[in-house]
Structures are given as C-alpha cells and as structure tokens.
Amino acid sequence: MAQALPADGGPPPRPSLSERLPRLLEAMVAIGGDVEMHTLLDRVLTAAGTLTGARYAAIGVLDDEGGLGQFVTRGIEPELRKRIEEIPGTDRLVRRMVERPRPLLLDDLTQDPRFTGFPTHGPAIRSLLGSPIRVHGVGFGALYLAQPHAAAFTSEDLQLTQILATEAGIAIGNARLYEAVRQRARWMDGSAELSTSLLSDDSDNALAVVAEQAMRLAGADAAFVMTPAQSGGMEIVAACADDPSGLIGTVVPAGSETVRQLLAGEPVFVDDAAADSDLPRRVASGYGPSMLLPLASDGKVIGALVVPRGPGGEPFSFAERAMATQFAQQAALALVLSEAQRDREQLAVYEDRDRIARDLHDLVIQRLFATGMLLETAQRAAGSSDLQTRIGRAVNELDATIQEIRTAIFALQQGPEEAPAGLRTRVLRETGTAARTLGFQPSVVFQGAVDARVGEGVAKNLIAALREGLSNAARHAHAGRVEVSVDASGRLPDGRDSVRLTVTDDGIGLPEGGGGRRSGLRNLAQRAESLGGRVAFGPGPDGTGTMLSWEVPL
C-alpha cells in the first residue's frame, strides 16, 4: 500500500523497521549468491542504499599492505569519487574502522576533524553512517552511507546496516575462498601443463613456453625469461610480449640490486616497473606492477622470470605472489628435468652411433679389406692385361670405399661441440649440400689430422674453394661421379707443411673458351696465392673429366 506524502511537500515518511525487514532478507539472499567480488560489493551498496534511503554509498577495501585497495561507490560522480580517493587520510579512515570495529553515525561530517579536507563543492554531504566489514573475524573494509532522503540516519538505519555488513562479510569470505581455490587450481593446472609440455615436444622452446604460461596465469601484459650473462648480469633470452624481438638480448647490469637479489634466489616485487631505476628503460618502459622471480632448483639459480602488468594495473596480491613463486620453482624443476631428459636422449644417440661405428670398423671394413686382398691375388694370377686392369680398378674402388667408411666412422664419433669447428664436418656438410644439385653423393676421403692441423683461416678458404669446385662440377661438368680428397699430410716444394684439396669429376673436362667457369677458377687461384699456396687444373687421372688441386701451407 502506497504511503501518503506529507502535506508540506517534505521527504516521504521513513518505512518502519517491520516494513524494511523483508527487504533486508531479500538483500541477504541477493548478496549470498556465487558472484564475482566486484559484483558482490556493488550488490551490497545497492541493498544498503535501498534499506536506508541513502543517496550515496561506498565501500573501501584495504589491500594487503594496509592501504586503500578498492573503492567501490554508488551514486557518486566519477570526478567526486576520484577526489575522495585522493584526500589524504582516506585510507586511514577505512583502516581505523577496521582496526576498531565500531559503527559510525554522524549528523554533520563537516564538523568532525577526521573528515578535514573533504570536498566542499559538489553534492552536499552531511549525514554519514559507517559500519566495518569483517571477513572470518579479520578486518576487510568499511561500508559508508551518506545523505539519506530523510533528514538524518537513525539508530534503526545503523542496526540494519550492521546486519547487512555482517552478511556481506560472510558472503565476501565465501567469494574470496572460492576465488582463491579457483586461482590456485588454475596455477596448479598451469604448472602441470608446463611440466608436460617441457617434458614432451616443446622442450626445444622451453623458456618461451615458461614465459607464455606465466603471462596467461598471472593475467599479465608480458613475461620475460632472463638467464645469467657472461658479464655477470642477466640477459633476456625469451619473451612473450607485443614486440619480443625488441627485448631479446637486453641485459640487466650486474651492479643492480635487482640482479643481486635474483641471483641470491630472492624474489623481487615492483609496484611500478617504469619508475624502477634498477631495470633498463627498454625493459621497464610501459609496465607497472611487476614480479621478478628466480628460477632456482637445488640451490642453483638458472634464470629469472619477469611478469609485469601494464601501467596503472592492479598490483599483484600476496596470494598471486605466492602462487607465482611456486610456479617459478616448478618451472625451474621442469627445465632441469627437461634438460636432463634431452641429455639422456642425446647420450642414447651417441651410444648408438658408437655401436654403429664399431660395427662398421670391426665388420664392414675388415670384410672389404679381405675382399681387396682376394682381388689383388686374383689380379696377379690373371693372364689378360685387360682383366688385370679391371681388377685393379675394383681394388681402387674398395680402397676408396674403405676411406669413405672411415670418414663416416670419424663423423659418428664426433660430439656436438666438435661439429661446428671440425673441418671434416664442414667438408661433409658441403658435399651433402652439393649432392642435391649433382643428383648423387660425392665421394670424400680425408688423410692426416685434418681437424687438428688446419687452422680456422685456412679452413674457411678451403671450404670456399671446395664450394667453387663442387659448383663447377654441378653446373658445367655433366659428371656422374665426383671425388673429394682433403690431405693434411702434404708438403709444398719449399718444404712447408700443407693441406691439399682435390676435387675430381668424370665429366666433359675444361672447355677451351672458359667463360664463367674460368672466372671461378681465377678466384680459386687468387685465394690460394694470397695464402702462399698454389692451384692446378687439368684432366682426371685417367685422362677424362677435370681435376682441381688447391694446396696452401698450414
């Protein structure tokens, strides 16, 4: 039944307590649902305003450090809300009510010294009601109501507000517990996904996987992984950001306090990365709250995980920091296990390669050698000179095959650290590349301590000469066979030790005119002469094809 308005046109009469109790019950049901925190706080404000007839309502929530974390309002213009947030001591008003859980009821807040500095222009706010909100017995924040439609708040308003604040504390506690469980489950699932990923197909891109997962789980704007640099600082080696290429390679200097803490296994939390003088501008620019977490396993720091949010972003809570720290520890362990797994797999490959090398050496080469001896015996017993020549060629083929198998055995026995520097490996790589153009695999023979005796400068020029020789054979010779020999046991006419590269093909030989092939041969000659060596071109050993001999001193 509608209430009659007063004859003087003043505010409508306040509903009685019995009339407002059903509204209180409805409000308690509304805020007791399973909702997100900000929505829950907004419902509390709506219910409080409806119960008391307040024009303005606000909830101040303390953060983990005792400052004003959230300030949710209803009925207050954004500009005024901003000014209220910026009043010195606003956080102290909330904290005082949290620390001393007593309700507040003022008819005129402008006369109270606690509200010095409150904006005087804007909506006229005089009457104020406040009630603490406690969650599981611990102070959470405070509910404030201002300027009721009636003249002032009453003790009944205060009583209803306290009941609502108590129910809000229960609902907030449940919401926080639910959110904490959901958040922890998300981080645990993310850690499990990371471990599975690093121990399976994504191990080659492990650090990038760590950065990507951390950014997603923390709700951050970027994530970087740093590893100790040779200079003593830490270098960004993986990044998940809008422009990761601009961050890779950036070094945080060794003298910074941040690096000292990270290398000591201590996490670093920054409220505003852009204002942190320890971080390079290239890293910190455009970021706000940040977590820098050591990646440590068994007391050894293998790197650091940096997780920043954008400028003005919500600071990381204690719970988020704790879960991110645990994630970093799990990530470090997964990285170590992933590395150990790769080492085991690589060891298994090397063991298999050693077995193959032994089988080739002990079985295949011995059989080929025995076959060669039988052919030599047959050659001496053969009556026909043509037959002797053919058997001699077969023996030479077997000798060449034995040399190639020995080269393959040596390559199988090389470790990964030897591959980039070894001349044998580089020669085999060049011949393997040329095979795609030639249509067949060139034969390769090594003599002498090629890797041990040939320096890097000579090796680079030898590879260039080999590349030119193979290119000529592929483009001009129309060859069906190419033989490559690298001999590090030779001597030049002046007595200096030398390395000789020989490239022989069974093609059409050198043309009379020359053209592009002649220009390439001139380059080979100039390269050899600049090193004090020599080069020779001519037909192959049997008078057909082409033989390139490139020899320089060691």
Colleague: Which atom names give the shortest non-hydrogen contact between Val454 and Ala488, and what distance separates them?
Modeller: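 So the two residues come closest at CG2-CB, 4.4 Å.
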Colleague: Please determine whether the number of non-hydrogen atoms from other residues, nucleotides or ligands lying under 6.0 Å from atom CD of Glu212 exceeds 12.
Modeller: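 Result for CD/Glu212: open.
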Colleague: I'd like to know whether Trp187 forms a side chain to side chain contact (heavy atoms under 4.5 Å, CB included) with Gln326, so could you lay out the CA-CA distance, the side-chain angles of the two residues, the decisive distance to 0.1 Å, and finally the verdict.
Modeller: CA-CA 9 Å; Trp187 280 93; Gln326 292 177 357; over 6 Å; no
Colleague: Indicate yes or no: at least one non-hydrogen side-chain atom of Ile302 is less than 4.5 angstrom from one of Val336.
Modeller: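 Side-chain contact under 4.5 Å: yes.
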Colleague: Just wondering, do Met215 and Val307 contact through their side chains at under 4.5 Å, heavy atoms?
Modeller: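 Heavy-atom side-chain distance check fails, nothing below 4.5 Å.
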Colleague: Mind checking whether Leu262 and Met234 have side chains closer than 4.5 Å, heavy atoms only?
Modeller: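 When only atoms from C-beta onward are counted, Met234 and Leu262 do touch, with a gap below 4.5 Å.
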Colleague: Do you know the tightest heavy-atom contact between Pro253 and Val259?
Modeller: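 Looking at all heavy atoms of both residues, the closest pair is O-CG2, 3.4 Å.
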Colleague: What are the two closest non-hydrogen atoms of Pro308 and Ala220, and how far apart are they?
Modeller: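 It is O-CB, 3.2 Å.
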Colleague: Among Leu45, Val44, Leu143, which residue meets the side-chain contact (heavy atoms from CB on, under 4.5 Å) test with Val72?
Modeller: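 Only one of Leu45, Val44, Leu143 forms a side-chain contact (heavy atoms from CB on, under 4.5 Å) with Val72, namely Leu45.
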Colleague: Is the backbone N or O of Gly288 less than 3.5 Å from a side-chain atom of Asp272, with the two atoms forming a donor-acceptor pair by type?
Modeller: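 No; zero donor-acceptor contacts below 3.5 Å.
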Colleague: Would one find more than 12 heavy atoms of other residues, nucleotides or ligands at under 6.0 Å from atom CD of Glu266?
Modeller: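 It does: Glu266 CD has more than 12 such atoms within range.
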Colleague: Does a side-chain heavy-atom distance below 4.5 Å link Leu129 with Leu104?
Modeller: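 Side-chain contact under 4.5 Å: no.
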Colleague: Distance from Asp157 atom CG to Ser131 atom OG, nearest 0.5 Å?
Modeller: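 These two atoms lie 12.0 Å from each other.
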Colleague: What distance do Phe318 atom CZ and Met323 atom CE have between them, rounded to the nearest 0.5 Å?
Modeller: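 CE of Met323 is found 13.0 Å from CZ of Phe318.
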Colleague: Work out which heavy atom in Gly310 is nearest to a heavy atom in Pro289; give both atom names and the distance.
Modeller: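 Here Gly310 and Pro289 meet closest at O-CD, 3.6 Å.
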Colleague: Please report the interatomic distance CZ(Phe153) to OG1(Thr161), rounded to the nearest 0.5 Å.
Modeller: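 Those atoms lie 7.5 Å apart.
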Colleague: Taking the side chain as every heavy atom from C-beta outward, state whether Phe327 and Leu305 have any atom pair closer than 4.5 Å.
Modeller: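 When only atoms from C-beta onward are counted, Leu305 and Phe327 do touch, with a gap below 4.5 Å.
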Colleague: Drop me the distance from Leu293's CG to Leu295's CG, to the nearest 0.5 angstrom.
Modeller: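 Interatomic distance, Leu293 CG to Leu295 CG, rounded to 0.5 Å: 7.5 Å.
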Colleague: Indicate yes or no: at least one non-hydrogen side-chain atom of Thr250 is less than 4.5 angstrom from one of Glu235.
Modeller: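 A side-chain contact under 4.5 Å is absent here.
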Colleague: Within 45° of the six-membered ring axis of Tyr56 and under 6.0 Å from that ring's centre, is NZ or CZ of Arg74 located there?
Modeller: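 Judged by the rule, Arg74 and Tyr56 form no cation-pi pair.
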Colleague: For Met291 and Val306, run side chain to side chain contact (heavy atoms under 4.5 Å, CB included): C-alpha distance rounded to whole Å, both residues' side-chain angles, the deciding distance at 0.1 Å, then the answer.
Modeller: CA-CA 6 Å; Met291 296 186 290; Val306 184; over 6 Å; no
Colleague: Would you please name every residue forming a salt bridge (Lys or Arg N to Asp or Glu O under 4.0 Å) with Arg184, sequence neighbours left out?
Modeller: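 Arg184 satisfies salt bridge (Lys or Arg N to Asp or Glu O under 4.0 Å) with no other residue.
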Colleague: Determine yes or no for a side-chain-to-main-chain donor-acceptor pair under 3.5 angstrom, with Ser256 supplying the side chain and Val252 the backbone.
Modeller: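 No.
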Colleague: Answer yes or no for Arg309 and Phe316: cation-pi contact, defined as NZ/CZ to six-membered ring centre under 6.0 Å and angle to ring axis within 45°.
Modeller: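 That pair qualifies as a cation-pi contact.
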Colleague: At their closest point, which heavy atom of Ile248 faces which heavy atom of Ala239, and how far apart are they?
Modeller: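 Scanning both residues, the minimum pair turns out to be CD1-N, 3.7 Å.
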Colleague: Would you say Leu51 and Leu164 make side-chain contact, with heavy atoms under 4.5 Å?
Modeller: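 Yes, at least one pair of side-chain atoms sits under 4.5 Å.
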Colleague: Would Leu145 and Leu128 satisfy side chain to side chain contact (heavy atoms under 4.5 Å, CB included), going step by step from the backbone distance to the final call?
Modeller: CA-CA 6 Å; Leu145 303 173; Leu128 182 71; over 6 Å; no
Colleague: Where do Arg426 and Glu456 land on the salt bridge (charged side-chain N to carboxylate O under 4.0 Å, His left out) test, with the steps shown first?
Modeller: CA-CA 12 Å; Arg426 291 155 75 178; Glu456 179 61 23; 3.1 Å; yes
Colleague: Is Ile59 close to Ile133 at the side-chain level, that is, under 4.5 Å between some pair of heavy atoms?
Modeller: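 Yes. Closest side-chain heavy atoms under 4.5 Å.
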Colleague: Does any pair with a residue in residues 213-224 pass salt bridge (Lys or Arg N to Asp or Glu O under 4.0 Å), and if so which ones, sequence neighbours excluded?
Modeller: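 Salt bridge (Lys or Arg N to Asp or Glu O under 4.0 Å) check on residues 213-224 returns Glu193-Arg216.
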Colleague: Apply the test side chain to side chain contact (heavy atoms under 4.5 Å, CB included) to residues Glu167 and Gln162: give CA-CA distance (whole Å), side-chain angles for both, the deciding distance (0.1 Å), then the verdict.
Modeller: CA-CA 9 Å; Glu167 180 64 24; Gln162 286 181 286; over 6 Å; no
Colleague: If you take all heavy atoms of Ser127 and Pro148, which pair is closest and at what distance?
Modeller: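 Heavy atoms of Ser127 and Pro148 come nearest at CB-CD, 3.7 Å.
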Colleague: Does NZ or CZ of Arg424 come closer than 6.0 Å to the centre of the six-membered ring of Phe446, within 45° of the ring's axis?
Modeller: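 Yes.
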